[in-house]
Amino acid sequence: MELFVKEAIKRVGETFPFLIEETVADVEFDKRSLQFAKPVRVEGGYVFDGKAFSVFGRVDAELNSICARCNESFIEPVSFEFSERFVRSGAAFSDEDAYEYAGDRLEISRAVMDNLLLQLPIASVCKEDCCGLCRICGINLNRERCSCEHELAH
């Protein structure tokens with residue numbers, strides 16, 4: 001995901017809008033494989049303040065997920081807003097919380113993915129009231145009831 005920022009460098013303080021829709025390869029994160037169900041959409045803007053770029057916007061993605069309760073696959077929507085700074089690589093001033101850029105292009109993929117990973121729940125569930133699997137016989141309690149003696153988790 002690249003932003004071509006040559007004009008913004010010349011026009012300090014002006015905001016430039018952008019829209020990127022890009023297919024993203026699978027990502028391995030914390031023993032979890034993230035598979036994107038459709039292209040990731042990033043819409044926002046960027047502005048150059050004379051020293052660094054501010055990039056902001058909204059990300060909309062859909063992941064092919066497995067429910068942590070019932071073990072069924074489902075599409076998990078992920079949407080969030082973000083704001084990040086980008087400083088020229090090797091700049092005289094330091095900003096630990098910023099991403100670096102070189103030339104007249106901002107590569108925002110890492111910033112978008114870092115923010116997406118922060119938005120993920122610890123465990124994905126297909127629906128808030130998912131009943132899960134019976135701990136005794138393993139039947140999916142969303143689809144049918146079993147005759148096992150146990151207390152429902154709700």
Side-chain angles (χ1 to χ4, degrees), residues 1-133 140-144 153-154:
M1 295 179 193
E2 284 187 325
L3 299 175
F4 298 94
V5 297
K6 188 175 186 174
E7 283 302 309
I9 293 170
K10 297 175 189 174
R11 294 161 43 189
V12 174
E14 187 174 333
T15 300
F16 291 80
F18 70 90
L19 171 63
I20 299 172
E21 288 187 330
E22 189 171 299
T23 301
V24 176
D26 296 353
V27 175
E28 295 297 321
F29 173 69
D30 195 30
K31 300 177 187 171
R32 181 176 174 184
S33 178
L34 303 178
Q35 299 174 339
F36 293 85
K38 68 178 194 177
V40 174
R41 178 183 168 96
V42 185
E43 185 171 11
Y46 57 92
V47 62
F48 185 61
D49 65 12
K51 291 185 178 182
F53 281 94
S54 293
V55 179
F56 54 89
R58 179 176 179 81
V59 175
D60 294 297
E62 290 184 0
L63 299 172
N64 293 316
S65 294
I66 302 292
C67 180
R69 292 183 191 160
C70 69
N71 208 33
E72 294 287 326
S73 61
F74 72 102
I75 300 293
E76 180 176 14
V78 180
S79 296
F80 59 90
E81 293 184 0
F82 73 99
S83 178
E84 296 292 349
R85 300 261 304 155
F86 286 78
V87 298
R88 182 172 297 281
S89 183
F93 62 97
S94 176
D95 188 345
E96 300 177 355
D97 295 328
Y99 294 89
E100 291 187 353
Y101 77 94
D104 60 359
R105 296 178 183 189
L106 302 182
E107 174 52 60
I108 66 169
S109 298
R110 188 169 141 233
V112 168
M113 290 309 297
D114 287 350
N115 278 275
L116 185 141
L117 296 174
L118 290 171
Q119 299 298 316
L120 293 177
I122 292 172
S124 297
V125 292
C126 61
K127 56 186 180 179
E128 203 169 306
D129 63 344
C130 176
C131 295
L133 302 175
N140 185 335
L141 297 172
N142 293 309
R143 288 193 241 142
E144 55 188 296
H154 297 292

Pairs of donor and acceptor atoms involving the side chains of residues 110-120, under 3.5 Å and at least two apart or interchain, shall be tabulated with distances.
residue, atom, partner, partner atom, Å
Asp114, OD2, Tyr99, OH, 2.7
Asn115, ND2, Glu84, OE2, 2.9
Asn115, ND2, Ala111, O, 2.7

query = Which residues satisfy the side-chain contact (heavy atoms from CB on, under 4.5 Å) test with Asn140, sequence neighbours excluded?
reply = Cys70, Glu72, Leu133, Asn142, Arg143

request  = Tell me, please, which residues at least two apart from Phe74 pass side-chain contact (heavy atoms from CB on, under 4.5 Å).
outcome  = Ser65, Cys67, Glu76, Ser124, Cys126

query = According to the salt bridge (Lys or Arg N to Asp or Glu O under 4.0 Å) rule, which pairs have a member within residues 116-126, sequence neighbours left out?
reply = none

inquiry  = According to salt bridge (Lys or Arg N to Asp or Glu O under 4.0 Å), does anything in residues 116-125 pair up with another residue at least two apart or in another chain? List the pairs.
reply    = none

inquiry  = To the nearest 0.5 Å, what is the distance between OH on Tyr101 and CZ on Arg85?
reply    = 10.0 Å

query = Which distance, rounded to the nearest 0.5 Å, do you find between the CG of Leu3 and the CD1 of Ile108?
reply = 4.5 Å

With sequence neighbours left out, what residues match [X] under side-chain hydrogen bond (donor to acceptor under 3.5 Å, both in side chains)?
X	value
Asp26	none
Glu81	none
Glu14	Arg11

N/O donor to acceptor pairs below 3.5 angstrom from side-chain atoms of residues 55-64, sequence neighbours left out:
residue, atom, partner, partner atom, Å
Arg58, NE, Asp60, OD1, 3.4
Asp60, OD1, Ser79, OG, 2.6

Would you list the atom pairs, donor with acceptor, under 3.5 Å between side chains in residues 37-44 and any protein atom, with sequence neighbours excluded?
residue, atom, partner, partner atom, Å
Arg41, NH1, Glu21, OE2, 3.0
Arg41, NH2, Glu43, OE1, 3.0

task = Run through Phe86, Phe48, Phe18 and flag the one making a ring-ring contact (aromatic ring centres under 6.0 Å, His included) with Phe53.
result = Phe48

ask   = For Tyr46, which residues count as a ring pair (Phe, Tyr, Trp, His ring centres under 6.0 Å) partner, sequence neighbours excluded?
value = Phe16

query = Which residues satisfy the ring pair (Phe, Tyr, Trp, His ring centres under 6.0 Å) test with Phe82, sequence neighbours excluded?
reply = none

inquiry  = If you compare all heavy atoms of Val12 against all heavy atoms of Gly50, which two are closest, and at what distance to 0.1 Å?
reply    = CG1-N, 3.8 Å

remark   = Residues Lys127 and Arg69: closest non-hydrogen pair is O-NH1, 4.0 Å

